Amino acid sequence: MDMQTRSLSLMTREELDSFGAELDDLRHEIMADLGQRDADYIRSIVRRHKYTEIAGRSLIHFSLTPFSWMAGVGLLSLSKILENMEIGHNVLHGQYDWMNDPELNSRSYEWDIVCDAESWRKYHNYEHHTFTNIIGKDRDYGYGLLRLSKDEPWRPWHLTQFGNYVALSVLFEWGVALHELEIDNIKNGTVKPKDKLPFLKRFVDKTSHQLGKDYILFPLLAGPFAPKVFAANLIANLNRNLWTSTIIFCGHFTEDAQTFLPEECEDESRGQWYYRQLLGSSNFTGSRWLHIMSGHLSYQIEHHMFPDLPAHRYPEIAARVEDICRRYGVPYNTDTFLNQYKTVVTRILKHSVPDSLTEPGGALDKVGSAVNRVLGKFLGQRTAAS
Amino acid sequence: MFKAGTLPLIATGYHAIQAMAHTVEVSVTTLHERIKDAPGILPPGLLGSYLNFLLCEIDPRLNQARVPAVVESVIEETESVRTYVLRPARRWGRFEAGQYTRIEVDIDGVRVSRNYSMSCSPAKLDKNRCISITVKQVEGGKVSNWMAEHCEVGDIVHLATAQGEFTLDNFRRAQERFGIARIKAPLFVAAGSGITPIMSMLESRLHADPMADTHLAFFVRNEREVIFANRLKQLAEEHAGFQLDLVYTDSEGLVSKEKLFELVPDIEQRSVHICGPQGFMTLVTDEATALGVVPEAIFIESFGAAVPASALSLDAKATLSFASSGGSIESEGGKTLLELAEAAGLKPKFGCRSGICKECLCEKASGPVFNRLTGEINSEPGVHVQACISVPIGQVAIVGW
């Protein structure tokens, strides 16, 4: 049964309270344990980010063969992803504020993407993390472009939403940067364009800095070889866009990630908040470096429960969070990266057509399950073969 | 084996290489020193931050973004007091005798800072490129205990520019204002580790004028607790104008009006410079005034030891002051920084108001706050706290509001 918007009343008030208390205890335990190890970890990641960037840019600038140029692009992409996911995103959440180091402080850190940090803190840390997956309040939900739940009525333009999704992924950092503009709210008149002027100023400042750096300064430094540097930066930024959007879609838009209605989240207790974060998020499994490259958003559930705990701690506490969830009989959504991503694509496709077609027994349901069978078989064989 | 003449050739070659290596070494060392002491040679922005990153990777002493200082030696003064001789990068600048500096250390991943007075005269910096600070281990003191247990020769700490008004300028200005007849010389009154800025001023004054009339009344528990015992005795031997009075409070009792008058009969003709615990300074101020000292010629240095967390009560009356707007507000029972600021008519940024999003993060200059979410008490100066869940439980100052 498709139940993307589910009632939060599966647990009693008392159960929710003790569920919340157990998670609070876990949080306090880790908070009290933070120290040198965490400082060393994030500084080692910063070091890797800087060295890969220096190596990547040097290769791009001075390489004489396409292969070393490609290696440079690869290193620069790697560096940009590390900076964006494991450093930028997590530092801006205040995960390392306790270190009292201005270079790793959420107030002063500015990351290497076109979205300015202030805008991000407001719209991501506050809106998205407080109102996660509440339809109408969490504007991250489908980014106003995608229909991902039956709660939103189907419109003909949803037919092309897979194309929209691809376009959003390609231009992901621009989508993130323009998020604060609230185009949808300007269109429906709830927000005046004039109120967005301060944001537009910050937007122009940050984007001109980013564009100037990647597409003017660095290419010019290469003199006659400017085009190859320009292209390398473009590809590295594209790689990062595709990677980050894929990771983020796997965190909230998998098949079982739920959505909520504003009225059921009024006067929410701490336990209810934790529970909603759990239901609205999904994890994926993988190697240590997959986790690091995803900024540990592969532990989206833990990240949403404890957004200000240093992310590299999530793997340590995941087993305990899962255990708490099991004891309270609530679902803990986790699977391999590939399986989770498959459900994301399925969900986007499924909601692009009227619900009557995808309901059990509907025309597309039959086609869909057939495709799934074939795809499953194919992927299954490949896994078996390797 | 070798043809005649080969050996001398090898020897010459060896010496040439050695000489070259030496030249390279000298120029690298010179370059190293140049960079270390350079006053802000880095370009601003991204390029500068990458260059500085590389410099720090080569040697943390080359850090251009902060002022590193190397611990040159550690001197045990008493059982619980140590003097750290530090060699700061030249761009740290100069200091006035009696001033203090903020020293930053990393303790278990956390950058913590404290103010310590320089305990040497500025002449020492000119001569040896070194300064010294003197730290007393305080019970429960995060930095002082860490320093005692972990700080070793060769370690790097970071310093902020010297500041402070508790200097010899006070005496000079008081003398100009009230005349030499009214204020002929300074009297220094110290208790315990309050001697540190005074030591700096004594050495500086006597260095500039070896015969200068200078009086020190130093209150300590007993003989074992005398910080700088040798330096003080040596000063007294070398300078006829310097009178040293050590008062052991264990046997002679605490400071009193009679005691002060007995030690310094000409006290009313002096400016009085006091450093020690707050209670001590208040007491000496009152008594000196009663003995006829010009009130405007009494100067104190409150070197604020952090209040231990156990001494704070959650019901304590609290005051919140705002550095930018200049206002302040009294706390009414357990209200958060955010609620208080709003009650005072300010409009600080906020988001979730429940400790999740950190939109309301503000910089606390000083004072203790209670974290509603974690139950922790934070008394650290210069840290960021979440305004929506932090309850002031003392005198709290916020920067930027």
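In the text below, chain A, chain B and the rest are named by the order of the sequence lines, each starting its count at 1. Nothing here was measured: the structure is a model prediction, and the numbers come from that model.
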*Report, as yes or no, whether the 6.0 Å neighbourhood of atom NZ on B:K335 holds more than 12 heavy atoms from other residues, nucleotides or ligands.*
no
*Residue part contacting chain A, namely of B:D106, when any heavy atom lies under 4.5 Å*: side chain
*What's the spacing between B:C56 SG and A:R47 CZ if we round to 0.5 Å?*
10.0 Å
*For A:E53, is it the side chain, the backbone, both, or neither that has a heavy atom closer than 4.5 Å to a heavy atom of chain B?*
side chain
*List the steps and the verdict of side chain to side chain contact (heavy atoms under 4.5 Å, CB included) for A:R121 and B:E359.*
CA-CA 7 Å; A:R121 283 196 305 263; B:E359 259 308 275; 3.4 Å; yes
*Can you find a pair of side-chain heavy atoms, one from A:K122 and one from B:K349, that are under 4.5 Å apart?*
no
*Measure the spacing between CE of A:M31 and CD of B:E376 and express it to the nearest 0.5 Å.*
8.0 Å
*asked:* Is A:R37 in contact with chain B via its backbone, its side chain, both, or neither, using a 4.5 Å heavy-atom distance?
replied: neither
_Can you give me the closest heavy-atom contact between A:Y126 and B:C357, atom names plus distance?_
CA-CB, 3.5 Å
*Are any non-hydrogen side-chain atoms of B:V110 and A:M99 less than 4.5 angstrom apart?*
no
*asked:* What part of B:L373 gets within 4.5 angstrom of chain A, counting heavy atoms only: side chain, backbone, both, or neither?
replied: both
_Side chain proximity check, A:P102 to B:R111, heavy atoms < 4.5 angstrom_ = yes
*Nearest heavy-atom neighbours spanning A:A39 and B:G109*: CB-CA, 3.7 Å
*asked:* Other residues, nucleotides and ligands only: do more than 12 of their heavy atoms fall within 6.0 Å of CD on A:E103?
replied: no
*To the nearest 0.5 Å, tell me how far A:R270 CZ sits from B:S354 OG.*
7.5 Å
*Checking heavy atoms, do the side chain of A:H128, its backbone, both or neither come under 4.5 Å from chain B?*
neither
*Check B:V383 against A:N100 and note the closest heavy-atom contact, atom names and distance.*
CG1-ND2, 3.6 Å
*Segment of A:D101 engaging chain B (4.5 angstrom heavy-atom cut-off)*: both
_Given heavy-atom pairs under 4.5 angstrom as the criterion, report whether the side chain, backbone, both or neither of A:L34 touches chain B._
backbone
*With chain B, which of A:V46, A:N125, A:D38 has the greatest number of heavy-atom pairs at distances under 4.5 Å?*
A:N125
*Work out which heavy atom in B:H384 is nearest to a heavy atom in A:N105; give both atom names and the distance.*
ND1-ND2, 3.5 Å
